[in-house]
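Just so you know, ligand 1 is whichever comes first in the structure, and atom 1 is the first atom listed for that ligand.
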Amino acid sequence: MKTVPEYFGSMVFDDRVIKAKLSADVYKSLKKTIEEGAALNIGVANAVAAAMKDWAIEKGATHFTHWFQPLTGITAEKHDSFIAPSPDGGVIMEFSGKELIKGEPDASSFPSGGLRATFEARGYTAWDPTSYAFIKGKTLCIPTAFCAYGGEALDKKTPLLRSMEALNKQALRILKLFGDTSVKCVRTSVGPEQEYFLITKEMYDKRPDLRSSGRTLFGAKPPKGQEMDDHYFGVIKPKVAEFMEELNDELWKLGILAKTQHNEVAPAQHELAPIYTTTNIATDHNQLTMEIMQKVAAKHGLVCLLHEKPFAGVNGSGKHNNWSMATDAGVNLLSPGETPYENAQFLLFLCAVIKAVDDYQDLLRISVASAGNDHRLGADEAPPAVISIFLGDELTAVLDAIETDTPYEGTKKTQMKLGVDVLPKFNRDTTDRNRTSPFAFTGNKFEFRMLGSSDSIACANIMLNSAVAETLKIYADELEKAEDFEDGLHKVIVDTIKKHKRIIFNGNGYDSEWIKEATEKRGLLNYRTTPDCIPHLTDKKNKDMLTSLGVFTEKELYSRCEIQLENYCKTVIIEANTMTGMAKTEILPAIEGFISELAKTAKTKKAVCEDITCAYECKTLKKLSMLADSISETAEELENILITVKGTENIEEEAYLIRDELITKMNELRVSCDQAESITAKKYWPYPSYADIVFSVK
Ligand code: ADP
Ligand code: MG
């Protein structure tokens, strides 16, 4: 049997293969493209394509695809085989540089938010050489960006790459000011921790709600949920262990650095964390990870649920986006240094993140907004919809001392005066763990915890990179003009702390007192739902920032706003339709079945013994009868609202209607059905209960 180092990355056309299969010249120019974004000439592309094809065929591949990430949230692929007819009636295997660099899938069925006029359905995909090609099944997958014919981005990768470039440009200006002229580029790195649920396929198949919407739309709370905290980091069950083993194997073959796995808080909930890597690669890898999780689960008779809230009343699933910035020499710009000078540079980058998060709270909130994630962020669950930064006591004290020009009460009292040479030296480990903060500094990186488990991490990182790039740009503009760099630096840092310290909060983020303080005293934003925040994507300040950095065009922003609202509406409408269907065709008949049994029993009892009360039967029967009436009535009202929703032309209005009326009615219907479930004999209930589902995997 092969060892992990022997098969790790065996399905990836990575640096090892590129080096072995390409001439030194071709390798060098490809490297230049990968590392510095230099244009690729067709000669090199042809050589790379030929090597890629030979390698892929050796590994059993017959097809290739441009693999891309349209705005549906999942990945897309259209497979072409390598075959080309040869004159003798046979075939040869072909793959050209042109085919590698550019593809032209029909774009008409992907969401474009009006960007793609109907007369021009074509879009094109363009190779992203910074993310390695890989083999999935029998197909060579080439990571690509996806654009409309007019050049507008129709995917998540294009703006992500643009945002990385924007941050690179501005960070380099700052580093130059600190005297670092050797650095070639600054990249952001991400390590996304992925949460998910595993249940048996048997249970899944019995739940129309899970099948059509990924979450349970009904279900009374189980007698035992996560109260005992006995699942978190608990022993991994054999079935789950088998799943994880195969998952790791598959991910490792694809060069994905799957590192940590453990049980999460809720029963049936687990987590997988990879080792961090460059943001666009981490994004591709996370998309692949989600896809492979589902495939491997199916092979084990399981279903992997990536929905943010598969079960009401049970912890939801998120994704923690661990984010940092590092130079090509491997220097982490968010790592406190050993010397006061390094510390000054660290503090400036830290301040840039603080200011960016405060100035663009709305964009960060928007980047994680979806109907599914509203169940976490909008409810009283972790993390809240209000964005704040956890810095830890020590770092907060350092910033306080700098702001007020007072001694820093750290390990040694240090007077804060002007100039970098007196910035305090503080400990590297400032990581008091605060799990309730939506945006936490954890020693050498920030952990953005608001992402939903099914989100592409591209969206959050596009906004994070852009907001920080914008702040670094403002800093660089000011510092390049400063007469004295150290004075200028001190001023920038003090000004940032003064103006943006409202975003720093080290306390309990779940606390309702905090939400009150955040919104009333500190003026922080609290967009509880998707329709609350999405329209702000095109607010002037956001439009100005994102277009001036070249991350989005104005047209792209309007189209994305529309697509996100559309996705929200579609999702909830599917759920509402599923609910009415379940209520009318399965739940009501089940209740009626039990009612009639109760009636029969009571009648039989009375016949035997006249003075018997039949209290249980009567009480339950009456209650169920009332619930049945209310279920039928509410389902009808829900259908009427759905008709109004369908007739609404304006997408924003539609989203508000869904938020205010449709969802309220869905909740009402659920309450009655769940009450009925809790008093109906189990043999009548058409669906497995919460307990059946979450404890289904042995
Ligand atoms: P936790 O206690 O939150 O699980 P870990 O130290 O295990 O924290 O890291 C969680 C994730 O953060 C991992 O994916 C890890 O690779 C990633 N990570 C660590 N350092 C960095 C960094 N400098 N930049 C980005 N991600 C990082
Ligand atoms: Mg974490």
- request: Using side-chain contact (heavy atoms from CB on, under 4.5 Å) as the criterion, list what pairs up with Val494, not counting sequence neighbours.
  value: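 With neighbours one apart ignored, the set is Ile402, His490, Lys498.
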
Fit a plane to each ring of [X] and [Y], take the angle between them on a 0 to 90° scale, and name the class: parallel (under 30°), tilted (30 to 60°) or perpendicular (over 60°).
X	Y	value
Phe446	Phe439	tilted
Trp252	Tyr7	tilted
Phe243	Tyr196	tilted

Distance filter under 4.0 Å to [X] heavy atoms, resulting ligand 1 atoms:
X	answer
Gly191	14 (O), 26 (N)
Ser189	25 (C)
Ile275	16 (O)
Asn332	23 (N)

Glu447 heavy atom under 4.0 Å from ligand 1: yes

field: For Phe349, ring pair (Phe, Tyr, Trp, His ring centres under 6.0 Å) partners two or more places apart
entry: none

query: How about Asp284 and Ser131: does a side-chain donor come under 3.5 Å of a side-chain acceptor?
result: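 There is such a pair (donor and acceptor under 3.5 Å, judged by atom type) between the side chains of Asp284 and Ser131.
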
message: Checking Thr130 against Asn280: is there a side-chain donor and acceptor pair closer than 3.5 Å?
response: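 Thr130 and Asn280 do have a side-chain donor-acceptor pair below 3.5 Å.
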
Options [options], ranked by nearest heavy atom to [atom], top entry:
atom	options	result
atom 15 (C) of ligand 1	Pro274, Ala273, Ala282	Pro274
atom 25 (C) of ligand 1	Asn322, Thr279, Thr188	Asn322
atom 22 (C) of ligand 1	Ser324, Ala326, Ser335, Gly443	Ser324

query: Would the Tyr132 and Phe13 ring centres measure less than 6.0 Å apart?
result: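 Ring-ring flag for Tyr132/Phe13: false, centres at least 6.0 Å apart.
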
query: For ligand 1, is there an N or O atom under 3.5 Å from any N or O atom of Trp323?
result: no

- prompt: Does Pro192, backbone or side chain, put an N or O under 3.5 Å from an N or O of ligand 1?
  reply: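 No: no nitrogen or oxygen of Pro192 is under 3.5 Å from one in ligand 1.
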
Proximity to ligand 1 by part of Glu193, non-hydrogen separation under 4.0 Å: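 For Glu193, only side-chain atoms sit under 4.0 Å from ligand 1.
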
